[in-house]
Amino acid sequence: MSSLQNKHTLKFLTAGSVDDGKSTLIGRLLLDSKAILADQLSGIQHKLADDESYDLAKLTDGLQAEREQGITIDVAYRYFTTPERKFIIADAPGHEQYTRNMVTAASSSDAAVILVDVTKINWEDKVVNLLPQTRRHTLLANLLKVPSILFAINKLDAIKDPDTAFINVKRTLEKFTQQANITITNIIPISALKGLNITARNADKHGNILCEKVYQGPSLLEALTALPSHVASDTQAFHFPVQFVQKLQEAHDGSSTQHGRRIFWGRIAAGGVKIGDELIVQPSGAKAKISKIFANALQGELQRASTGQSVGLILDQEIDVSRGDWLLAPSSPSAQKEAKATLAWLDDEPLVVGRAYWLKHGHRWIKTKIASINHHLNIHTLETEPAENLDKNSIGEVSLILQQPIPVLPYHDAKDVGAAILVDTATNRTAGAVLFK
Amino acid sequence: MTSHSPNLYTPLSDLEEESIFIMREVAGSFERPALLFSGGKDSCVMLRLAEKAFGQGQFPFPLLMIDTGHNFPEVVEFRDRRAKELDAKLIVRSVEDSMKRGTVRLSHPLESRNPHQSVTLLEAIEEFRFDALLGGARRDEEKARAKERIFSHRDSFGQWQPKAQRPELWNIFNTRILPDENFRVFPISNWTEFDVWKYIAQEEIPLPNLYYAHQRQVIPRKGLLVPVTDVTPVQEGETIETRTVRFRTVGDMTCTCPIESNAANANDIVKETAAVTISERGATRMDDQTSEASMEKRKLEGYF
């Protein structure tokens, strides 16, 4: 257990179109990790006559049946635990609404597993024609800055020369990602149906190990187990969105204090902080120093804290700070009233240029208008094209005019400072995902 | 511990931190939130998370219990004692009162009152004008839960609209509502039963003693062990047996069954949970077995 103590939960999304074997893969992971319990299996027991005929896709059938009745759920979450780690699968259904689903799942995932169905492509060619879906899912995962991207080349048990297919597909994927400047973590040969190379480098019933000659890497689960889940960097200036202001009935540690009687709770969005550091309050511009840092309301004081940690801060003087304000290092870039952003449009109604929307950034709600659509992203190639509109499921670059200046860092450098959501003022629907440039 | 049992020591800090973040977001975003507290293990975990978020006796919301009138007496006693110890305001609203008002009508006297909690809950929401209710539901409990957002928007009838769920991006939650609408918020969505028990063991969270092994009179019925109570009488041809049992979940007496177990403390239960082969609801609930989609139906009616 010692080496496993620091393994955080890994949240990953699975991408692939409807028949690529996504449900089978998820079913296999759940079944082989014993996340499916006897009573849940009993409903599909007659289909489990022998191991080879498992209809694993049926394990997630409850959801599909409901979708058939017209209920569309963007993302469902599933859980499994191995002796080493807990995993959360963000299961985004592979049908038409993929961009919206992918964006939602990718926004909070530590990894993306992109399935490549080898039976659908010309694997005998040295340069394989990848399916548009594969390119698109990869580019989207990269756009959303999912830290690790893995390819699982599936259904290799169903073709006559798995070794050649694996080599050709791998070569093509490497070339494609290199051109797009995307770092990939693993390319893994699997058979979700037969359970080959999913949880272990195991042999099929004839004693064959999948792609034994051309692949020496880990199984899919081994690769996922080894991934980092938090890629936080403290290199940015300190950015702290104030989430909740608490008036203390008495000093936090029970003693009297000359320091502030309010504690500012929140999660550090970028950078680190230590006692004595000077801070600026945005938007008021007031200055103060950190006098105390708390991990939570029951635990003692910390000397320092870093990106991703939730903390409570007490300042050395009483100044006006409210929920939604930011506490910033003096070295942070100044707040902006205009900004450029990549916008993923999620709403059924198209974006209206010039209309005001709610924008939530950190814990602050402000109004914003789209001043212009600079270009539209061709989702297949990620090349930019001129555009007048953004419809549902499309992505483009826009210029925003903001009601108040907000502290922004590029999404690419600091996700928690560079992301925001747009909400329709009439329907309250979440209409857009904003990735600041 | 064998090499095959799940790791008992995975840190729970990620889950804890996410849950605290969600609770503070509720406290900061809504005017009249409340925390649903039944005295069960999930809501006991929620209380500890609230203590960590805000400090003891400083909860910025009251605790709300919807009482079916058929709760185990040990749980009711525990609930009142915990609320007092934590210096939290406790509001109890009962299904019996709704029956007196005529807003709940049973089709027969022994019908489970559990499904009717929704009516009483909605009445409490209206009475106190709650705009957000924190609930201890987990996505691993049930299929309908697996699909529900952490911040689950409910219309003015308290109804869940699975087709119109708001996408949840990053950790930025869209908390905007119209008058009379509300949110059900589930800070421990991403926890499993196993995580809950590990946390109870780690934090030494007090629970009603029903959760630990004890001797109890039960009636074996349809694969379940039905506790002998006023509301679950012995039927013809059945015999009462005394067994060593514990409850995995403590809901309404009419539909909650114990399991056979010798696990006498939280650490024993962690080990036992690591090896279970039947889901929490499958092992213990009479009501959810009646229909594949019963939970979903109840949620559509305004249940949390």
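Chain identifiers are assigned alphabetically (A, B, ...) following the order of the sequence lines, protein sequences preceding nucleic acid strands; residue numbering begins at 1 within each chain. This structure is a prediction, so every number in the text was calculated from the model and none was measured.
For A:Val103, the parts sitting under 4.5 Å from any heavy atom of chain B are the backbone and the side chain alike. With a threshold of 4.5 angstrom between heavy atoms, B:Glu168 approaches chain A through N, CA, C or O but not through any side-chain atom. Residue contact with chain A, scored on non-hydrogen atoms closer than 4.5 Å, involves the backbone and the side chain of B:Leu178 alike. Of the two parts of A:Arg429, only the backbone, made up of N, CA, C and O, holds a non-hydrogen atom closer than 4.5 Å to a non-hydrogen atom of chain B. For B:Asn190, the parts lying near chain A are the backbone and the side chain together; criterion is any non-hydrogen pair under 4.5 Å. Looking at A:Val242, there are no atoms closer than 4.5 Å to chain B (heavy atoms on both sides), in backbone or side chain. With a 4.5 Å cut-off on non-hydrogen atoms, B:Ala53 touches chain A through its backbone but not through its side chain.
Per-residue heavy-atom pair counts under 4.5 Å with chain B were compared for A:Leu144, A:Val245, A:Ile421, and the maximum is reached by A:Ile421. Highest contact tally toward chain B, considering only A:Ala433, A:Gly362, A:Ala106, is held by A:Ala433 [criterion: heavy-atom pairs under 4.5 Å].
For B:Lys52, the salt bridge (Lys or Arg N to Asp or Glu O under 4.0 Å) partners are B:Glu16, B:Glu203, not counting sequence neighbours.
Using a 4.0 Å cut-off between charged side-chain N and carboxylate O, A:Lys392 and A:Asp347 make no salt bridge. Between A:Arg78 and B:Asp140 no salt bridge is recorded (no basic side-chain N to carboxylate O distance below 4.0 Å).
Side chain to side chain, B:Ser152 and B:Arg184 fail the donor-acceptor criterion of an N or O pair below 3.5 Å.
The closest side-chain heavy-atom distance from A:Leu302 to A:Gln309 is below 4.5 Å.
Aromatic ring orientation, B:Phe183 versus B:His153: perpendicular (interplanar angle above 60°, classes split at 30° and 60°).
Under the 3.5 Å distance criterion, the side-chain polar atoms of B:Ser189 are matched with a main-chain donor or acceptor of B:Phe186.
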